[in-house]
Amino acid sequence: MSEKIHCLIIGSGPAGYTAAIYAARANLTPVLYEGMLPGGQLTATTDIENFPGYPDGVSGMQMMDDLRRQAERFGAEIRYGSVTSVNFAAAPYIVVIDNETELVAHTVIIATGASAKYLGLPDEQKYAGSGVSACAVCDGFFYRNRVVAVVGGGDTACEEAIYLAGLAKKVYMIVRKNYLRASTIMQERVMRHEKIEILFETETLGLTGDGVVQGVDVVQHKETPMETKQHLEIDGFFLAIGHKPNSEVFKNWLATDEVGYIKTLNGTPKTAVEGVFAAGDVADSNYRQAVTAAASGCKAAIEAEKYLTQKRICNA
Ligand code: NDP
């Protein structure tokens with residue numbers, strides 16, 4: 001017979017762990033599955049300096065470890081494994097872990113996060129954490145008075161370029177088309193910013209540097225008579241070519257937007273399926289911050305408790 005769980009939390013970033021802390025303290029005996037990357041995206045960043053309560057900053061690994069221990073302290077059960085399929089046709093819901101273990105959950109909090117897209121160059125791996133980043137707000141501070149490049153021409157790339165221009169000496173934007181996809185206002189802002197230089201019709205070939213990023217090789221006007229290769233000296237290489245929410249496994253049951261972010265109802269973590277909630281980056285195309293993810297994990301746990309109490313499943 002399948003194991004029955006009151007509150008199943010899927011994902012182990014700030015949203016998942018915060019949901020686990022609140023659910024455990026509300027006696028919902030939560031079980032959290034960590035997924036492929038225990039701790040989530042923040043374990044891939046260097047220091048987190050913008051999470052309230054850490055005046056000296058904290059490493060992503062440390063913060064996730066602290067959150068995990070905090071959840072366990074109140075009785076949350078943390079398990080290794082990934083959700084491979086779900087059936088939300090009727091409550092309680094069926095969730096399969098690693099294609100083999102079937103669980104039955106009265107409430108499900110989806111906190112599977114989003115993954116930044118990368119170009120797929122081997123150098124992105126080589127210099128991961130040593131000059132390559134997909135989060136200007138997380139890592140920009142390390143590039144004060146340095147030179148950085150941002151790849152992408154959408155709103156995220158413009159926002160990141162403007163944010164970085166507030167810190168860095170110079171920001172190159174590497175844009176593959178001959179126009180920016182970003183909204184007009186963002187285009188105007190980057191175009192008139194004296195520290196930002198936009199390189200249109202430009203693609204990245206590779207990164208150079210001795211242990212850390214020190215340069216980028218680019219090609220302009222590729223495969224045209226005007227094709228030229230250039231080497232730019234940079235200290236940081238930021239990807240801003242979009243994020244992919246980790247919502248694939250839920251798509252048959254929950255509405256998502258065109259990019260794949262799970263749609264929630266009226267600014268709450270509720271989905272259209274009663275008892276199923278979505279928190280953190282998997283449902284947030286806009287803010288994508290650790291602190292906003294944690295806040296939505298908290299809200300999801302509070303909603304799960306209300307649901308379980310109303311249905312007289314627990315705490316009734
Ligand atoms: P977008 O998909 O809008 O833009 C991605 C950018 O990256 C495009 O310029 C795209 O180029 C480029 N790109 C994609 N793949 C590659 C690649 N392999 N090599 C080089 N360049 C590549 O993503 P965003 O994250 O910018 O925005 C996502 C959504 O969120 C949008 O709807 C945006 O408006 C919204 N958003 C809104 C904000 C706000 O309102 N404040 C802030 C941030 C985002 P190409 O154009 O050639 O495809």
Side-chain angles (χ1 to χ4, degrees), residues 37 40-50 57 59-61 114-178 180-182 186-187 189-191 193-222 227-244 281 288-289:
L37 179 64
Q41 291 180 79
L42 287 180
T43 56
T45 65
T46 42
D47 279 351
I48 302 166
E49 298 183 330
N50 54 8
S59 77
M61 282 286 191
S115 307
K117 289 194 209 157
Y118 284 78
L119 295 170
L121 300 171
D123 288 341
E124 289 168 322
Q125 297 285 333
K126 182 175 167 189
Y127 295 102
S130 302
V132 172
S133 169
C135 177
V137 180
C138 316
D139 297 327
F141 190 71
F142 302 107
Y143 299 93
R144 273 187 306 173
N145 299 320
R146 315 283 285 275
V147 181
V148 298
V150 176
V151 185
D155 279 318
T156 302
C158 292
E159 271 195 356
E160 305 249 303
I162 291 164
Y163 180 83
L164 287 165
L167 302 160
K169 190 161 67 182
K170 179 170 180 83
V171 179
Y172 292 106
M173 279 184 81
I174 300 175
V175 181
R176 68 179 173 184
K177 294 224 172 95
N178 63 356
L180 294 171
R181 185 199 285 218
M186 295 304 281
Q187 292 190 30
R189 280 188 199 157
V190 291
M191 285 187 188
H193 203 297
E194 57 183 13
K195 284 196 201 167
I196 300 175
E197 181 179 338
I198 307 173
L199 305 171
F200 286 108
E201 289 183 74
T202 304
E203 290 177 38
T204 306
L205 295 172
L207 299 168
T208 59
D210 189 8
V212 294
V213 169
Q214 290 170 315
V216 58
D217 291 319
V218 296
V219 56
Q220 292 188 282
H221 314 295
K222 196 176 165 187
E227 178 173 312
T228 44
K229 290 190 177 148
Q230 237 197 97
H231 177 78
L232 307 169
E233 286 187 4
I234 58 163
D235 305 291
F237 183 74
F238 287 81
L239 282 310
I241 60 171
H243 279 76
K244 194 177 173 330
D281 286 13
R288 297 195 298 251
Q289 298 300 300

Chemist: Quick one: pull up NZ in K177 and CD in E203 and give me the separation to the nearest 0.5 Å.
Modeler: 10.5 Å
Chemist: Working to the nearest 0.5 Å, report the span between CZ of F237 and CD1 of I174.
Modeler: 5.5 Å
Chemist: Report the C-alpha separation of D281 and H243 in whole Å, then their side-chain angles, then the decisive distance to 0.1 Å, and conclude whether the side-chain contact (heavy atoms from CB on, under 4.5 Å) test is met.
Modeler: CA-CA 9 Å; D281 286 13; H243 279 76; 5.7 Å; no
Chemist: Taking the side chain as everything from C-beta on, heavy atoms only, tell me whether E227 gets closer than 4.5 Å to K222.
Modeler: yes
Chemist: Look at the side chain of Q187 and the backbone N and O of A182, then say whether any donor-acceptor pair between them is shorter than 3.5 Å.
Modeler: yes
Chemist: Are T208 and H231 side-chain neighbours, meaning at least one heavy-atom pair lies under 4.5 Å?
Modeler: yes
Chemist: Please round to the nearest 0.5 Å and tell me the distance separating atom OG1 of T228 and atom CD of E201.
Modeler: 10.0 Å
Chemist: In a table with atom names and distances, give each donor-acceptor pair under 3.5 Å that connects a side chain of residues 123-130 to protein atoms at least two apart or in another chain.
Modeler:
from	atom 1	to	atom 2	distance (Å)
D123	OD2	L207	N	2.7
E124	OE1	L119	N	3.3
E124	OE1	G120	N	2.7
E124	OE1	L121	N	3.0
E124	OE2	L119	N	2.8
Y127	OH	G209	N	3.2
Y127	OH	G209	O	2.7

Chemist: Given side chains that start at C-beta, do those of V132 and Y118 come closer than 4.5 Å, heavy atoms only?
Modeler: yes
Chemist: Which heavy atom of C135 sits nearest a heavy atom of F238, and at what distance?
Modeler: O-CE2, 3.8 Å
Chemist: Under 3.5 Å, is there a donor-acceptor pair linking the side chains of T202 and Q220?
Modeler: yes
Chemist: Is the shortest heavy-atom distance from the side chain of K117 to the side chain of L239 under 4.5 Å?
Modeler: no
Chemist: Any chance CD of E233 has more than 12 other-residue heavy atoms, nucleotides or ligands included, within less than 6.0 Å?
Modeler: no
Chemist: Can you check side-chain contact (heavy atoms from CB on, under 4.5 Å) on Q214 and V212, steps first, answer last?
Modeler: CA-CA 6 Å; Q214 290 170 315; V212 294; 4.3 Å; yes
Chemist: Tell me, which pairs form a salt bridge (charged side-chain N to carboxylate O under 4.0 Å, His left out) where one or both residues lie in residues 163-175, sequence neighbours left out?
Modeler: K170-E197
Chemist: Just wondering, do L180 and F200 contact through their side chains at under 4.5 Å, heavy atoms?
Modeler: yes
Chemist: Ignoring hydrogens and angles, write down the donor-acceptor pairs under 3.5 Å from the side chains of residues 143-168, residues two or more places apart or on other chains.
Modeler:
from	atom 1	to	atom 2	distance (Å)
D155	OD1	S183	N	3.0
D155	OD1	S183	OG	2.8
E160	OE1	A136	N	3.1

